[in-house]
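What follows is a single structure, written as structure tokens, with notes after it.
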Amino acid sequence: MELSKAYSHSEVEAKWYRHWNDLGAFRPSDSSASHFSMVIPPPNVTGSLHMGHALNNTLQDTLCRYKRMDGYRVLWVPGTDHAGIATQNVVERQLAEKGLSRSQLGREKFVQRVWAWRMEAGGTILHQLKALGVSCDWSHERFTMDEGLSMAVIEAFVRLWEDGLLYRAERLINWCPRCKTALADIEVVHEEVNGHLWHIRYPLVDQPARGLVVATTRPETMLGDTAVAVHPDDPRYRNFIGKKLRLPIVEREIPVIADTFVDQSFGTGALKITPAHDFNDFEIGEKHGLKKINIFDAEARITPEAFVEEAGQEPAWLHRYRGKQRYEAREIIVEELKKSGLLEKMDGYRHAVGKCYRCSTPIEPYLTPQWFIKIKPLAEPAIEAVRDGRIKVTPEGWSNSYFAWMENIKDWCISRQIWWGHQIPAWYCKACDGGKLLETGEGDYMLARDARPIVGREPPNRCSSCGGNSFLQDPDVLDTWFSSALWPFSTLGWPKQTEDLKRFYPTSVLVTGFDILFFWVARMIMMGLKFMADVPFRHVYIHALVRDQEGQKMSKSKGNVIDPLEVMERYGTDAFRFTLAALAAMGRDIKLAEERIVGYQNFVNKLWNAARFVLMNLSPGQRSEQNLADSLRGNELNLPDQWILSRLATTVGNAREAIDSYRFNEFAHHLYQFTWHEFCDWYIEMSKLSLNGTIKDDPLKTQRVLATVLENILLLLHPLIPFVTEEIWQVLRERLGPGKQVMPGGIEDSTIMLQPYPRPRPEWMQPEADERIGFLMEVTRAIRNLRAEMNCAPSKEVKVILFGGEQNLAFLRSQEPYLRALARASSVDYLTKGERPRGAATAVVGETEIYLPLGEMINLEEEKTRLSRELSRAEEELARVQRKLGNGEFVAKAKEEVVRREKEKAEEFEDKIRTLNLSLGRLREVEQAGEKP
RNA sequence: AGGCACGUAGCUCAGUGGGAGAGCGCUUCCUUGACACGGAAGAGGUCGGCGGUUCAAUCCCGCCCGUGCCUACCA
């Protein structure tokens, strides 16, 4: 098989993904080796692949592939969650297009409809993940609404109930009037908006001419006001405490109460209290025994019930408000207050408004019976698990956010008034509680707060109080995050004690973004400890968010979204994955610009071409490692061979260290650097001399070194760029012949995926070779530099004259063919003493002086300028070093090694200055003599 | 309001208590038998500002300015 001149990803990726899948390479091996397991953060079943998923899964896949190659028994569980509200919204929108609503369909038919949608369209994102190359075990794919996982949800719910950690209560909760459901506190996103602060006068009942002025951002809620609070120490209002006010419009008499919660300096210092529609007011109301008047229905429209109940009949003013949306009602109220002269003023005011995280509708605090988890008893052990290191969070800084949140955690509202999800396993006796049923909309109902739930794994047979046998299931479903919290063990079979569960729980690591630290990570830890009595994962690696190149969060509305699928199509999945990993520095967001991807596409191509070079120079039948071992024994390796193997050994160590500590960017960087700037730039160039017979060397040995290093590069890079490495490896393997079969008849030898990951080879480390080649490279660069400065065409060969110490010169002489080839020198002279050439371009490397007698090509003025610049640089450096060395305290207190280095530096710079001065002197002589150099 | 990050080359970002780095971009030169998705060389930085600790600070500490994020009940 021949490789084409440029790498073409489009022909390669699908082929190898299928190959891996067909081989069963994604499944855990049968070995008894150590286990490594991960669960995927389940993407939303309605979702499609975005940059966040791409990053998240690239990192996970890199880890999995690395661990698998490194001999672990790897399980990576894929799947999706049912995304209750989001999915229900999607299907409701589809129904709406046909003019249908879910209440028209009824609960059962609607849920069937959602299942149909899920079967048809719900798996998109998993297919997209395959394009990314993820090596999940698809035979383990799970969905939070699967039978097994649903059983886990019921089991968890019932156990929490039995342990007294669940309760049902009427509380003020966050209500989305569009989704018509309760939300948990963290499902509310706070957004700054430009609003107003209205100042409204509430007259005293006794003296209507006097009154209190309250300040509010939500005048419409005044319909539900049951008090006005002032600070007990506020001298302005002390006399009002205990007096009655007449609430405008409603005419309700409400008391002025004293509470230290009130901030005297804010607004007017008088706070209207609406216990049924504001969280603070609710608490104050509880404290002072105030009535809670609910003025809204489930869609946040003004509803008459409370007013009718209060007045015994519908009050006259109500018709103007009845059925009006909150913001319409606000306008009417403001208008009405203006007319009656009670609106004192209206200021512009910027404040935060809570919105639904699914649909951005402003949240309404709403008084309804809901299910809550008593969270403190669960949070405490979960805090402890992170504090005592049973769970390690990387980067560590996130553990502070975790502690802060967990320590102030509030009970978790887990009931949702939607239909798509796990219906709560609680029933109510129709005989006892049938009268407590409240219709809340077509097909929707709610049970009053004092209804008595019977919780169980199965519907009850008989009511324990009345003996009745007719029951009604609680209509609510559970928060999707409730089932997600069980994911690390429900996917492994819990509550059944399966083999998977025994083997793979706790999972090794969880890789996720910080945005779901509270939604998910914290809750998994709590549930894992509760039900499995062990942490759900040993490590949490938290990665950044992907933003656009301006650092903005990508969003459809901003139009700055980069579609990962398009990127993969255009630049190749490998280039894309490499880019994400290379940018994934810890604790920093990723600003993704397409140029970066192009850069790494070039890297993939560079690797491809390096492979082409190795392959086109490879005689068949070499099994690289084995024969290389022979070469090493035979001491046949020349200096560049030793050097590249030494660098390889170092790189293996660096790469492993980086990935073992989740430093993906360093992992990528080390491999990039070694592949391109050591292997390609230097070793391949040097190897050409052996291959083409310029130097006397065994070309077969050089081929083996080339093949060995290439194979190692492929293995090292495979976790990051799986496709191109497989493509090359397959050709290489075909050329080299079969390697050692790990298992006779096993699949290991038919994919790079299952090759052992390179291990550090201390015996390949050659510090001396590193140093020597380093010196050779420096001299080479110096000569190239001179040539470029002198505008000496690369095609033109030049003579090189070296002055220096005997040892260095002897070494350079021994490597002369390389020097000549790399620096394009026609000849090299080695002199330890004597007259330096006049009018030659000069450079200094350590104690070695380099002269290029370029004759006519040298522009005296330019060369003088250049040398002067070099000289002044060297002088500045020397001055700085001498200042240090002249400082007695530095010499006395700094580490010995540091002082020694500074002294060496001083000598080097002195040498350099001396040489440069001599060169400049010679140039001036030439100039004065008017000689042609 | 509190908390946490961040501010380093034109851009995007690594990094470190003792000689400032990468990728891209830019300039000059080069189609040399792996690669022009390439090669060689180069220019470019008071490491946000001001103080402090230290023999030594881009790095540690404090304050300030700027940016971003998270959390929060100031109507």
Side-chain angles (χ1 to χ4, degrees), chain A residues 3 5-7 186 190 197-198 214-218 221 229 261-263 265-274 278-284 349 351-352 395 397-398 400-401 404-405 408 514-515 517-518 545 547 549 551-553 571 575 579 582-583 585-593 595-596 598-617 663 665-666 669 672-673 677 680-681 684-685 688 692 781 784-789 791-795 821-824 877 880-881 884 887-895 897-899 901-902 905:
Chain A
L3 301 186
K5 199 166 165 179
Y7 174 63
I186 48 174
H190 295 270
L197 195 57
W198 283 275
V214 300
T216 181
T217 53
R218 298 200 58 196
T221 62
F261 172 83
V262 178
D263 177 355
S265 62
F266 187 90
T268 61
L271 173 62
K272 70 187 225 28
I273 305 293
T274 323
D278 182 283
F279 291 101
N280 294 320
D281 295 4
F282 180 84
E283 281 187 24
I284 294 174
Y349 184 56
H351 64 120
W398 286 108
N400 285 330
S401 303
W405 190 72
N408 297 301
F514 63 81
D515 47 336
L517 182 61
F518 308 138
L545 246 48
R547 298 171 181 282
Q549 49 191 321
Q552 300 284 315
K553 211 166 167 172
Y571 304 102
T579 308
L583 296 180
M586 270 194 206
R588 198 195 266 268
D589 286 348
I590 295 177
K591 289 185 203 168
L592 187 68
E595 301 93 78
R596 298 301 300 257
V598 175
Y600 292 113
Q601 184 187 23
N602 295 347
F603 173 72
V604 170
N605 189 246
K606 186 74 179 178
L607 173 64
W608 179 258
N609 276 290
R612 271 192 352 124
F613 174 83
V614 173
L615 287 164
M616 71 178 54
N617 285 290
R663 292 197 297 266
N665 61 325
E666 288 180 23
H669 179 78
Y672 182 101
Q673 197 63 24
H677 296 306
C680 291
D681 286 354
I684 285 187
E685 290 310 315
K688 287 174 183 171
N692 66 20
R781 271 194 281 258
R784 287 170 172 175
N785 181 343
L786 288 179
R787 297 179 57 123
E789 294 279 349
N791 290 321
C792 172
S795 52
L822 296 169
R824 312 214 113 244
E877 295 282 317
R880 209 170 36 132
V881 172
K884 272 192 181 177
N887 181 341
E889 286 199 282
F890 170 73
V891 181
K893 292 187 179 171
K895 273 173 285 182
E897 193 208 325
V898 173
V899 178
R901 257 207 325 265
E902 292 298 313
K905 264 190 265 177

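Order of the sequence lines fixes the chain letters, A, B, ..., with proteins taken first and strands second; residue numbering starts at 1 for each chain. Both backbone and side-chain heavy atoms feed into the values below; hydrogens, waters and symmetry mates do not. The structure displayed is predicted, hence computed values, not measured ones.
Within the shown strands, nothing qualifies as a pairing partner of B:rU46 under the Watson-Crick or G-U definition with both distances less than 3.5 Å. When Watson-Crick and G-U wobble pairs are counted only if both distances are under 3.5 Å, B:rG7 pairs with B:rC65. Remark: B:rU32 base-pairs with no nucleotide; criterion is Watson-Crick or G-U wobble with both hydrogen-bond distances under 3.5 Å. When both distances must be under 3.5 Å, the Watson-Crick or G-U wobble mate of B:rA22 is B:rU12. Partner assigned to B:rA56 is none, using Watson-Crick or G-U wobble distances below 3.5 angstrom. Nucleotide B:rU71 has B:rA1 as its partner under the Watson-Crick or G-U criteria, with both atom distances under 3.5 Å.
Separation of atoms CG (A:L607) and CG (A:N602) is listed at 12.5 Å; rounding is to 0.5 Å.
Looking at heavy-atom distances under 4.0 Å, A:E283 makes no contact with the nucleic acid at all. A:C792 comes within 4.0 angstrom of nothing in the nucleic acid, heavy atoms only. Within the 4.0 angstrom heavy-atom criterion, only backbone atoms of the sugar-phosphate kind lie near A:T216; the bases stay farther away. A:Y349 comes within contact range of the sugar-phosphate backbone alone, with a heavy-atom separation under 4.0 Å but no base atom that close. Looking at heavy-atom distances under 4.0 Å, A:R787 makes no contact with the nucleic acid at all. Within the nucleic acid shown, A:R218 has no heavy atom closer than 4.0 Å to any nucleic acid atom. As judged by a 4.0 angstrom heavy-atom cut-off over every strand, A:F261 is placed among the base-contacting residues. Heavy atoms of A:V262 sit under 4.0 angstrom from at least one base atom.
Remark: A:K688 is in phosphate contact with B:rA34, judged by side-chain N or O atoms under 4.0 Å from OP1 or OP2. The phosphate of B:rG38 has OP1 or OP2 within less than 4.0 Å of a side-chain N or O from A:N602.
For the side-chain contact (heavy atoms from CB on, under 4.5 Å) with A:W405, the lone residue among A:N400, A:L517, A:I186 that qualifies is A:I186.
When the P atom of B:rU71 is taken as reference, atom CZ of A:F518 falls 6 Å away, rounded to whole Å. Counting to the nearest Å, the C1' atom of B:rC30 and the CZ atom of A:R784 are 13 Å from each other. Computed from coordinates, the A:F266 CZ to B:rC73 P distance equals 15 Å when rounded to whole Å. We find that CD of A:E897 is positioned 14 Å from P of B:rG17, with the value rounded to whole Å. For A:W405 and B:rU71, the CH2 to C1' distance is 11 Å, given to the nearest whole Å. Rounded to whole Å, the distance from NE2 on A:H351 to P on B:rA72 is 18 Å. One can place CD1 of A:I186 at 8 Å from P of B:rU71, the figure rounded to the nearest angstrom. The interatomic distance linking A:R663 (CZ) with B:rG15 (C1') rounds to 11 Å, in whole Å.
Listed candidates were B:rA22, B:rA75, B:rA41. Nearest to the side chain of A:N785 is B:rA41. Ranking B:rG19, B:rA75, B:rC55 by closeness to the A:A215 side chain, first place goes to B:rA75. Nearest to the side chain of A:A788, among B:rG15, B:rA34, B:rA41, sits B:rA41. The side chain of A:K884 lies closest to B:rG19, out of B:rC55, B:rA34, B:rG19. In this structure, of B:rA75, B:rG19, B:rC35, it is B:rG19 that holds the atom nearest to the side chain of A:E877. Distance from the side chain of A:N605 is smallest for B:rC37 among the nucleotides B:rA34, B:rG23, B:rC37. Closest to the side chain of A:I684, from the set B:rA34, B:rA41, B:rC37, is B:rA34. Here the nucleotide nearest the side chain of A:F514, chosen from B:rC69, B:rG18, B:rC74, is B:rC69. Taking only side-chain atoms of A:E889, from C-beta outward, the nucleotide of B:rA34, B:rC55, B:rG19 with the closest atom is B:rC55.
The P atoms of B:rG15 and B:rA22 are separated by 15 Å, rounded to the nearest whole Å. B:rC50 and B:rC59 have their P atoms separated by 12 Å, with the value rounded to a whole Å. A gap of 33 Å separates the P atoms of B:rG42 and B:rC6, to the nearest Å. With both ends at atom P, the span from B:rU67 to B:rU8 equals 14 Å, rounded to whole Å. Spacing between B:rG39 and B:rC4 at atom C1', rounded to whole Å, works out to 46 Å.
One N or O on the side chain of A:N408 and one on the backbone of A:A404 form a donor-acceptor pair closer than 3.5 Å. Using a distance-only test at 3.5 Å, with no hydrogens or angles considered, no donor-acceptor pair links the side chain of A:R784 to the main chain of A:R824. With A:N785 contributing its side chain and A:R781 its backbone, the two residues share no donor-acceptor pair below 3.5 Å. With A:R596 contributing its side chain and A:L583 its backbone, the two residues share no donor-acceptor pair below 3.5 Å.
The base of B:rC35 is paired with the side chain of A:K606 by a donor and an acceptor separated by under 3.5 Å. The base of B:rA34 lies close enough to the side chain of A:E685 for a donor and an acceptor atom to sit less than 3.5 Å apart.
When each of A:Y7 and A:D278 is assigned the nucleotide of RNA chain B bearing its nearest heavy atom, the one mapping closer to the 5' terminus is A:Y7. Heavy-atom nearest nucleotides on RNA chain B were determined for A:A894 and for A:R612, and the one closer to the 5' end corresponds to A:A894.
Partners of A:R218 according to the side-chain hydrogen bond (donor to acceptor under 3.5 Å, both in side chains) rule, which considers only residues two or more places apart in sequence or in another chain, are A:E220, A:E364.
The aromatic rings of A:Y349 and A:F266 lie perpendicular to each other, with more than 60° between the two planes, well past the 30° mark.
Between A:I284 and A:L271 the shortest heavy-atom distance is CD1-CD2, 4.4 Å.
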